[in-house]
2 protein chains.
Amino acid sequence: MTTNDQGPAAPVAATVLRPLRLRDVRLEGSFLGELQATNGTVSIPKGAEHLEEQWDNFRNVAKGAADAEYHGPNYEDGEAYKWLEAVAWEAARSEDPRLLDWLESRTELIAAAQDEDGYLGTFVQSGQRDKRYRQLDFDHEIFNMGAMIQSAVAQFRATGRTELLDVARRAADHLHRTFGTGQDQREGFCGHPVAELGLVELYRTTGEQRYLDQAKYFVDAHGRSILAPGNPGRAAYLSDRIPVRETTAPEGHAVRAIYLAAGATDVAIETGDTELLGKLETQWQNMVQTKMYVNGGLGSRWDGESFGNPYELPSDVAYGETCAAVAGVQWSWRLLLATGKARYADLIEWQLYNAVLPGVSLDRSKYFYVNALQVRADSDDSDKRAPGNGRQPWFGTSCCPTNLMRTFASLQHYVATTTGDGLQIHQYAAGTIETDELKLDIATDYPVTGRVVITVREATSASLALRIPGWAYGAEVTVQDEVIPGVPGTYVKVNRAWQAGDRLVLNLPMTPRLVHGHPRVEGIRGSVVICRGPLLYAVEQVDQPDGVIVDDLIVTSPRLDEVLGDGVPLITARGATWKPQEVLYADEPARPADVVPITALPYYQWANRDVGPMKVWLPLMTQHS
Amino acid sequence: MTTNDQGPAAPVAATVLRPLRLRDVRLEGSFLGELQATNGTVSIPKGAEHLEEQWDNFRNVAKGAADAEYHGPNYEDGEAYKWLEAVAWEAARSEDPRLLDWLESRTELIAAAQDEDGYLGTFVQSGQRDKRYRQLDFDHEIFNMGAMIQSAVAQFRATGRTELLDVARRAADHLHRTFGTGQDQREGFCGHPVAELGLVELYRTTGEQRYLDQAKYFVDAHGRSILAPGNPGRAAYLSDRIPVRETTAPEGHAVRAIYLAAGATDVAIETGDTELLGKLETQWQNMVQTKMYVNGGLGSRWDGESFGNPYELPSDVAYGETCAAVAGVQWSWRLLLATGKARYADLIEWQLYNAVLPGVSLDRSKYFYVNALQVRADSDDSDKRAPGNGRQPWFGTSCCPTNLMRTFASLQHYVATTTGDGLQIHQYAAGTIETDELKLDIATDYPVTGRVVITVREATSASLALRIPGWAYGAEVTVQDEVIPGVPGTYVKVNRAWQAGDRLVLNLPMTPRLVHGHPRVEGIRGSVVICRGPLLYAVEQVDQPDGVIVDDLIVTSPRLDEVLGDGVPLITARGATWKPQEVLYADEPARPADVVPITALPYYQWANRDVGPMKVWLPLMTQHS
């Protein structure tokens with residue numbers, strides 16, 4: 001059983017790495033600290049306004065207004081709970097008095113709406129009680145309760161408040177009575193995973209074995225087409241076509257698939273199931289090697305919001321839902337704790353900067369549901385989610401904004417871990433880390449530069465391990481006078497009798513670089529992306545010379561230059577445009593024409609000025625430079 | 001008013017080119033004749049079996065069984081009518097006694113099911129009469145009646161039978177009373193166009209102006225979001241976002257968009273609306289220049305079965321529904337009649353061979369709904385429509401098979417036109433043409449070779465024009481001893497006092513060629529397709545050396561060789577494979593490794609042996625040859 005000072009995902013079983021306590025890390029200033037601060041001052045309060053109508057559903061159910069009209073899609077309880085989870089994490093680090101007010105008032109509403117038997121789901125409770133568990137595939141009932149359980153655990157860990165935790169226990173007990181192990185009770189699970197994650201966390205928080213058993217049952221029930229008999233397409237969508245233990249690469253609806261994988265990882269951790277853990281590592285590896293966009297985006301198909309076949313990653317029509325990247329961070333974090341392998345922390349960083357962060361505007365008030373890697377000239381998409389329409393203040397399905405909020409509000413949790421006799425720093429951001437082993441001040445403007453200065457505040461003999469990202473060839477750690485070269489994709493571990501005031505300086509090389517794609521990925525053949533440190537870059541119309549359309553740009557030299565200014569630098573490249581061509585299909589190949597300079601900005605920053613044509617991959621034709 | 005010997009699309013207003021009568025052209029032997037014959041002997045009879053259950057819907061309605069269970073999706077009446085249209089056209093050229101039996105028995109069923117007021121739609125008539133015209137967006141009621149009207153006109157033109165035509169008139173009168181011009185009556189139209197086409201043909205057949213007026217109203221009513229107020233995404237899907245007269249390129253659901261464009265072209269022809277015709281030509285031109293796959297496939301998105309943005313044509317995930325290509329042929333045919341421009345006949349040929357014909361198996365018993373341009377190794381799509389699963393005997397939504405049947409059964413109609421004092425041959429196939437102006441025998445094995453021998457059977461002074469396809473550089477027409485060079489994309493017109501026995505020999509160059517893509521089309525950059533004459537080629541796994549995966553092939557030389565055998569030749573190229581690469585994104589570009597030969601077959605023939613990896617576009621790297 002864990003105490004009330006944990007962050008998200010706090011295993012009770014032994015793991016290679018242990019998470020720190022929620023308040024052990026403080027992000028202050030710099031990049032991630034500023035992100036976390038504005039998430040709290042702008043995103044979360046605006047979320048309160050956008051979600052106000054959703055709480056009416058709870059008010060109406062609590063009042064017993066059986067014929068009250070239900071607002072929103074049937075999964076919207078879950079999104080409100082995600083926001084409330086963000087409020088809880090934020091309350092652990094901010095003095096804003098509204099946070100506790102929101103926690104208290106919303107918890108009262110939720111508790112008042114819960115049925116006697118523990119059931120909670122305002123869609124069904126709004127005059128449609130005959131629909132209870134009638135459509136496990138699409139009614140999101142267990143999904144909603146699962147998100148509430150996550151929110152309740154967060155509220156307890158962040159504030160010590162147990163009111164919502166009591167609601168969560170009643171709901172979890174109700175689920176256990178209803179579904180149990182599926183043998184004596186009802187066979188089935190929810191078409192949208194998430195309860196698996198919530199139930200394991202509730203087990204961790206309460207010590208009640210039945211919640212872990214329930215999560216394990218839900219994980220293992222997938223893959224026998226219970227939800228979609230005779231319909232393999234729908235079964236794949238619902239992560240119900242192939243058992244988790246037989247899945248070699250994720251398929252179907254990306255958010256569903258990755259939440260399930262993360263939940264299964266939690267189950268593997270707590271049940272000591274090393275075989276399942278191995279299968280999940282294989283699944284993760286195949287995802288990264290065959291089913292992930294260059295920005296870490298997951299789910300290539302708009303159709304079904306789903307993973308495609310291996311190497312099916314058409315960059316010009318990428319889907320890459322924000323929530324899938326958030327789920328990816330959650331999954332990698334659990335695998336990192338379980339195994340200690342740097343690859344998982346590497347992907348957390350890459351997805352945070354390039355697939356999660358782009359989901360919110362620089363002013364923290366607007367969101368992308370879909371994360372495009374290209375917007376064409378003359379594009380005209382009537383779908384509100386289409387990135388060519390820019391970030392939106394909100395969506396009828398508000399999962400992406402609320403998922404970002406809860407991730408950013410608990411961001412410090414992903415920075416470091418402990419092994420009891422040493423600390424591992426996985427992510428670099430200005431702030432402080434105070435554990436039983438080490439007390440550190442971290443000064444850096446990463447990712448503006450690659451210099452991270454870590455100062456020991458108290459004498460100690462604990463070891464300190466620093467992650468060297470996979471892209472960081474030439475990284476060095478300087479400890480006092482000793483220079484230790486870093487091997488990309490590993491940790492530099494420093495054992496030393498630390499004195500107060502000792503400094504470690506990590507230098508990560510931030511030289512801009514070109515990255516090429518796998519030849520089986522059509523659509524990026526002969527093309528490159530520009531990267532710098534942990535940031536993917538994009539070319540956006542507003543930065544190019546007049547008359548040059550982003551769609552027509554070619555990189556003609558491997559030479560890249562930085563344009564320094566405030567914040568993260570822009571990067572320029574030498575380029576050309578294609579000779580105009582009228583016909584789609586021609587007897588001759590396309591040829592370069594005018595020479596033009598190319599300017600790229602960090603991908604996460606795009607669409608914060610004009611929203612226009614944008615590309616991440618550019619063709620490379622060096623023979624014409 | 002037209003007589004009962006016309007084919008599909010028979011304008012009464014003056015057009016630049018006039019269609020021939022239904023029986024003026026006979027296809028015999030060779031390529032298209034064989035296709036038409038086997039369509040009649042295999043596809044249509046098998047269709048009768050597959051559709052048997054659909055006719056129960058009519059039987060139940062006719063019996064007045066109000067609570068009978070309805071079979072199939074709500075548009076399935078329409079697919080049954082398409083099959084019956086195929087039966088009608090086939091009855092004009094075949095002696096099979098089953099054809100007239102089917103026409104008679106099915107017509108009786110349809111007539112018996114029609115309501116007193118002319119309404120006909122077994123989905124609504126099966127105990128859901130309160131739903132009549134409640135959901136114009138998705139209930140397909142007018143779509144179904146429109147397909148019935150098309151079928152009735154076909155039956156009348158092919159056989160002179162008027163029973164179904166009477167049903168059609170009653171239905172059309174009912175539609176006119178219900179919707180009229182939308183001013184005094186109900187405002188609205190069907191979310192799935194097709195009735196526009198049927199009503200114009202009914203006007204042509206009966207001379208009743210109100211049917212043309214009704215078609216014109218339905219065409220013009222589109223584009224004001226009547227069916228999807230406040231929902232531009234759905235409006236685009238339903239061709240209701242932009243008025244037809246303001247549409248510059250097709251958008252939304254491809255089949256809907258192109259049926260509407262074809263119907264609008266019919267309206268423009270019959271109302272003499274040259275401005276509308278001009279807009280439709282612009283729309284067609286923009287489709288061909290920005291929104292068409294290399295095979296002529298239309299509709300790049302699985303999501304919404306829809307057109308994408310300009311140049312959004314990811315080849316590895318092409319949708320290209322068979323029905324959209326059929327609709328494309330219908331649209332181009334109307335534009336060809338209206339304008340006489342060779343480009344329209346060019347596209348008809350290209351789509352027939354490369355986007356329509358691939359929809360059916362060589363044995364004429366199985367169908368593709370989606371026409372992929374690539375199937376990856378290790379692909380695993382649970383959607384029945386996914387081409388990696390091979391052609392299917394039938395689909396719950398049977399539009400594609402029935403659309404192919406009616407197209408092939410009337411294929412001879414698209415071969416030639418008349419101007420009164422001359423004949424234009426647009427498509428080349430063995431058979432005979434007998435009009436008032438010219439009687440010709442045509443001998444050819446096109447597209448196996450490019451040699452077409454046309455023999456005049458009766459003396460005449462009518463001119464004869466032969467289309468030189470846009471790809472046919474070096475084409476020649478030899479008339480007796482005179483050699484006339486052909487200009488691709490135009491007609492060679494021969495004026496002469498013909499004597500019986502005079503011969504014209506058309507030689508179309510069939511040298512295999514490489515075709516390149518527009519640089520804005522991601523996914524085909526630096527790649528080529530192999531073409532020969534009117535045929536696109538594909539590489540299929542079953543033809544490659546052991547151990548070589550289609551996904552990894554590179555063409556390394558522009559040299560192509562034919563492998564002669566029975567039928568259309570295979571083509572071989574020199575190639576290589578990519579060096580294996582584990583990671584998706586790398587510091588170095590992909591490099592070629594082993595040298596391998598590449599074998600390509602006509603695209604329409606793929607997936608008739610094993611169904612495995614297939615590609616149409618291959619990267620070209622000649623510096624490594």
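Numbers restart at 1 for each chain; the letters A, B, ... are given by sequence-line order, proteins then strands.
Residues of residues 289-298 of chain A lying within less than 4.5 angstrom of chain B, judged on heavy atoms, are A/Gln289, A/Thr290, A/Lys291, A/Met292, A/Tyr293, A/Val294 in numerical order. Within residues 310-318 of chain B, the residues having any heavy atom closer than 4.5 Å to a heavy atom of chain A are B/Pro310, B/Tyr311, B/Glu312, B/Leu313, B/Pro314, B/Asp316, B/Val317, listed by residue number.
Heavy-atom pairs under 4.5 Å with chain A peak, among B/Asn231, B/Asp552, B/Val288, B/Ile524, at B/Asp552. Of the listed residues (A/Glu251, A/Arg234, A/Arg301), the greatest number of heavy-atom pairs within a distance under 4.5 Å of chain B belongs to A/Arg301. Residue with the most contacts toward chain B among A/Glu522, A/Glu588, A/Glu582, A/Lys579: A/Glu522 (heavy-atom pairs, distance under 4.5 Å). Listed options B/Ile554, B/Val529, B/Asp381, B/Leu514 were ranked by heavy-atom pairs under 4.5 angstrom with chain A; first place goes to B/Asp381. Chosen from B/Asp587, B/Asp551, B/Asp383, B/Val583, the residue pairing most often with chain A at heavy-atom distances under 4.5 Å is B/Asp551. Note: A/Ser379 leads A/Ala377, A/Ser379, A/Ala386 in heavy-atom pairs under 4.5 Å with chain B. Considering only heavy-atom pairs separated by less than 4.5 Å from chain B, the leading option among A/Ala586, A/Ala590, A/Pro232 is A/Ala586.
Only the side chain of B/Trp578 comes within less than 4.5 Å of a heavy atom in chain A; its backbone stays farther off. Contact of B/Arg376 with chain A is made through the side chain alone, with heavy-atom distances under 4.5 Å.
Look at B/Arg385 and B/Glu305 and you find a salt bridge, because one of the NZ, NE, NH1 or NH2 atoms lies within 4.0 Å of a carboxylate O, short of that distance.
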Is there a side chain to side chain contact (heavy atoms under 4.5 Å, CB included) between A/Cys531 and A/Leu536 once you walk through the steps?
CA-CA 5 Å; A/Cys531 298; A/Leu536 175 69; 4.0 Å; yes
Where do B/Arg513 and B/Tyr473 land on the side chain to side chain contact (heavy atoms under 4.5 Å, CB included) test, with the steps shown first?
CA-CA 11 Å; B/Arg513 60 193 191 277; B/Tyr473 288 90; over 6 Å; no
Under the criterion side chain to side chain contact (heavy atoms under 4.5 Å, CB included), I'd like the reasoning laid out for B/Tyr369 against B/Tyr319: C-alpha separation, chi angles, the key distance, then a yes or no.
CA-CA 9 Å; B/Tyr369 198 106; B/Tyr319 189 75; 3.5 Å; yes
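The aromatic rings of A/Tyr585 and B/Trp617 lie tilted to each other, with the angle between the two planes from 30° to 60°.
Taking all atoms of both residues into account, the shortest heavy-atom contact from A/Ala254 to A/Gly299 is CB-CA, 3.8 Å.
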